[in-house]
Colleague: 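The structure is given below, and queries will be raised subsequently.
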Amino acid sequence: GIAGLVVSALGLKLLTLAFPDGVPSYIDLSIRTPELAVTFLITLLAASAFGVVPGLRAGRTHSATALNSTARTASGSLERTRAGDLLVGAEFALSVVLMIGAVLLVRSHARLQQSLGFDQRGVISVRVRLPSEKYATDEQQIAFYSLLQSKLRGLAGVESVSAAVGPVPLDGTIGGKWNFRIEGQTPSAATEQVTTVHAIAPGYMQSLHIPIVRGRDVALTDRSPAEDVAIVNQTFASRYYAGADIVGRRVIPDLGKNSKAPPIRIVGEVRDFRHERPPAELMPAIYVLRDLTFPAETFVLRTRLSDASA
């Protein structure tokens with residue numbers, strides 16, 4: 001058992017070397033207490049069985065042999081019995097180790113296959129960072145990203161292209177958080193209401209195959225200096241609007257006394273999907289339409305390649 005723990009610890013240490021920038025938050029490489037307890041229990045039972053049972057068998061064999069055979073024959077028989085018991089014990093111990101490994105492997109596979117709420121197959125994410133000295137203005141950045149999107153859409157096997165400012169699913173981060181109130185609520189309501197915030201381009205949900213359950217997707221024609229537009233997830237609607245139709249309502253961000261953030265009109269509600277793997281909590285989320293005017297953007301491509309990696 002101790003040897004198994006040592007090997008596990010060394011294995012985890014080697015696995016961390018595969019992530020030079022640090023292990024993402026959605027990957028758990030720790031030795032969990034339940035697995036440790038099960039391993040200890042099985043080791044204890046195995047040690048008891050291999051210590052007591054062979055001893056009892058050896059005692060019975062020695063007594064019977066002493067009564068019916070000579071001392072030399074009894075000694076040889078006892079040695080053979082002990083050798084056989086050791087061999088059986090070693091085989092059983094190896095079987096236990098293999099069984100534990102198989103159980104842990106199946107559990108790990110099952111956790112990885114839990115539904116994330118979107119289709120990972122064929123999705124490729126590409127992080128682009130522009131040099132600020134060459135692309136200093138919004139116009140330059142928009143021109144570059146528009147050209148890049150056009151080029152990406154023209155690639156063979158690409159079905160759709162969108163983008164996000166900041167985190168995308170399973171990249172190890174979940175974005176910023178805002179306090180807010182829904183239009184019609186008192187300002188004090190914002191102290192109790194928090195949501196994660198993501199900036200996206202039109203077509204983002206389509207590229208991830210996330211269905212819109214109410215309303216519609218954001219569009220470039222929604223842009224207005226008077227208000228932003230966004231879509232929310234089901235957790236947001238159920239937690240802060242009792243599951244009723246929130247489409248058409250406006251959210252008022254509470255970013256401090258000097259904040260000039262415009263209100264946000266909700267145009268759609270999407271099915272819940274995860275930015276982190278379970279057991280991370282599924283958070284309320286709002287996805288706000290943004291122009292591609294940031295130095296760093298993450299492009300999300302939906303392709304026909306079933307083995308593409310996100």
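When a residue number appears, it is its place in the shown sequence, counting from 1. Just the heavy atoms: all of them, side chains too, but no hydrogens, waters or symmetry mates, feed the values below.
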Colleague: What residues, two or more places apart in sequence or in another chain, satisfy salt bridge (charged side-chain N to carboxylate O under 4.0 Å, His left out) together with Asp245?
Modeller: none

Colleague: Quick one: closest heavy-atom pair of Val267 and Val247, and the distance?
Modeller: O-CG1, 3.7 Å

Colleague: Looking at Leu289 and Ala219, what are the two nearest heavy atoms and their distance?
Modeller: CD2-O, 3.2 Å

Colleague: Please name the pair of heavy atoms, one in Ile264 and one in Val229, separated by the smallest distance, quoted to 0.1 Å.
Modeller: CG2-C, 4.0 Å

Colleague: With sequence neighbours left out, write down each residue that passes side-chain hydrogen bond (donor to acceptor under 3.5 Å, both in side chains) with Arg181, or none if nothing qualifies.
Modeller: none

Colleague: Looking at Gln185 and Ile182, would you say the former's side chain and the latter's main chain have a donor-acceptor pair under 3.5 Å?
Modeller: yes

Colleague: Are Ile252 and Phe236 connected in the hydrophobic side-chain network, where two residues link if heavy atoms are under 4.5 Å apart?
Modeller: no

Colleague: Would a distance-only check, ignoring hydrogens and angles, find a side-chain to backbone donor-acceptor pair under 3.5 Å from Ser207 to Leu301?
Modeller: no

Colleague: State whether the side chain of Asn233 and the backbone N or O of Asp272 hold a donor-acceptor pair below 3.5 Å, judged by distance alone.
Modeller: no

Colleague: What distance separates Ile200 CD1 from Thr298 OG1, expressed to the nearest 0.5 Å?
Modeller: 13.0 Å

Colleague: Any sub-3.5 Å donor-acceptor pair from Thr303's side-chain atoms to Gly122's backbone N or O?
Modeller: yes

Colleague: Do you know which two heavy atoms are closest between Tyr240 and Val194, and how far apart they sit?
Modeller: OH-O, 2.6 Å

Colleague: Listing request: all salt bridge (Lys or Arg N to Asp or Glu O under 4.0 Å) pairs with a residue in residues 182-201, at least two apart in sequence or in separate chains.
Modeller: Glu183-Arg250

Colleague: Within this structure, what is the OG1-NZ distance for the pair Thr196 and Lys177, rounded to the nearest 0.5 Å?
Modeller: 8.0 Å

Colleague: Before you tell me yes or no, could you show the steps for Phe299 and Tyr145 under ring-ring contact (aromatic ring centres under 6.0 Å, His included), namely the whole-Å CA-CA distance, both residues' side-chain angles and the distance that decides it to 0.1 Å?
Modeller: CA-CA 10 Å; Phe299 285 85; Tyr145 287 130; 5.7 Å; yes

Colleague: Could you tell me whether a side-chain N or O of Arg223 sits under 3.5 Å from a main-chain N or O of Leu220, the two making a donor and an acceptor?
Modeller: yes

Colleague: Backbone N or O of Thr235 within a donor-acceptor pair of the Ser238 side chain at under 3.5 Å?
Modeller: yes

Colleague: For Tyr135, check ring-ring contact (aromatic ring centres under 6.0 Å, His included) against everything at least two apart and list the hits.
Modeller: Phe144

Colleague: I'd like to know if Glu227 and Arg265 make a salt bridge, using a cut-off of under 4.0 Å between side-chain N and carboxylate O.
Modeller: yes

Colleague: Judged by atom type as modelled, is there a donor-acceptor pair below 3.5 Å linking the side chain of Arg214 to the main-chain atoms of Ala244?
Modeller: yes

Colleague: Name the orientation class of the two ring planes belonging to His198 and His275 (parallel below 30°, tilted from 30 to 60°, perpendicular beyond 60°).
Modeller: parallel

Colleague: Got a second to check how far Phe118's CZ is from Met205's CE, nearest 0.5 Å?
Modeller: 11.0 Å

Colleague: Does any non-hydrogen side-chain atom of Glu297 lie less than 4.5 Å from one of Val165?
Modeller: yes

Colleague: Answer yes or no: is there an ion pair linking Asp119 with Arg302, defined by an N-O contact shorter than 4.0 Å?
Modeller: yes

Colleague: Taking only residues two or more places apart in sequence or in another chain, which ones pass side chain to side chain contact (heavy atoms under 4.5 Å, CB included) with Pro211?
Modeller: Arg271

Colleague: Do you know which two heavy atoms are closest between Pro202 and Ser162, and how far apart they sit?
Modeller: O-OG, 3.0 Å

Colleague: If only atom types and distance count, is the side chain of Ser150 paired as donor or acceptor with the main-chain N or O of Ser146 below 3.5 Å?
Modeller: no

Colleague: With clusters defined by side-chain heavy atoms of hydrophobic residues (ILVMFWY) lying less than 4.5 Å apart, directly or transitively, does Leu155 cluster with Ile124?
Modeller: yes

Colleague: Main chain of Asp217, side chain of Tyr204: is a donor-acceptor contact present, judged purely on distance under 3.5 Å?
Modeller: no

Colleague: Hey, could you give me the CZ/CG distance between Phe180 and Asp254, rounded to the nearest 0.5 Å?
Modeller: 10.5 Å

Colleague: Taking Ile266 as the starting point, is it possible to reach Leu255 by hopping between hydrophobic residues whose side chains are less than 4.5 Å apart?
Modeller: yes

Colleague: Transitively linked via ILVMFWY side-chain contacts under 4.5 Å: Val161 with Leu148?
Modeller: yes

Colleague: Tell me which donor-acceptor pairs under 3.5 Å the side chains of residues 279-288 have, and how far apart each pair is, sequence neighbours excluded?
Modeller:
none

Colleague: Begin with the C-alpha distance, continue with both residues' side-chain angles, and end with the deciding distance and a verdict on salt bridge (Lys or Arg N to Asp or Glu O under 4.0 Å) for Asp228 and Arg290.
Modeller: CA-CA 9 Å; Asp228 287 333; Arg290 283 288 182 266; 3.4 Å; yes

Colleague: Hey, quick one: are Val126 and Leu130 part of the same hydrophobic cluster, counting side-chain heavy atoms closer than 4.5 Å, chains of contacts allowed?
Modeller: yes

Colleague: With distance as the sole test, does Gln193 use its side chain to make a donor-acceptor pair with the main-chain N or O of Ala190 at under 3.5 Å?
Modeller: no

Colleague: Work out which heavy atom in Ala226 is nearest to a heavy atom in Pro263; give both atom names and the distance.
Modeller: O-CD, 3.7 Å

Colleague: Can you measure from OG (Ser160) to CZ (Arg153) and round to the nearest 0.5 angstrom?
Modeller: 8.5 Å

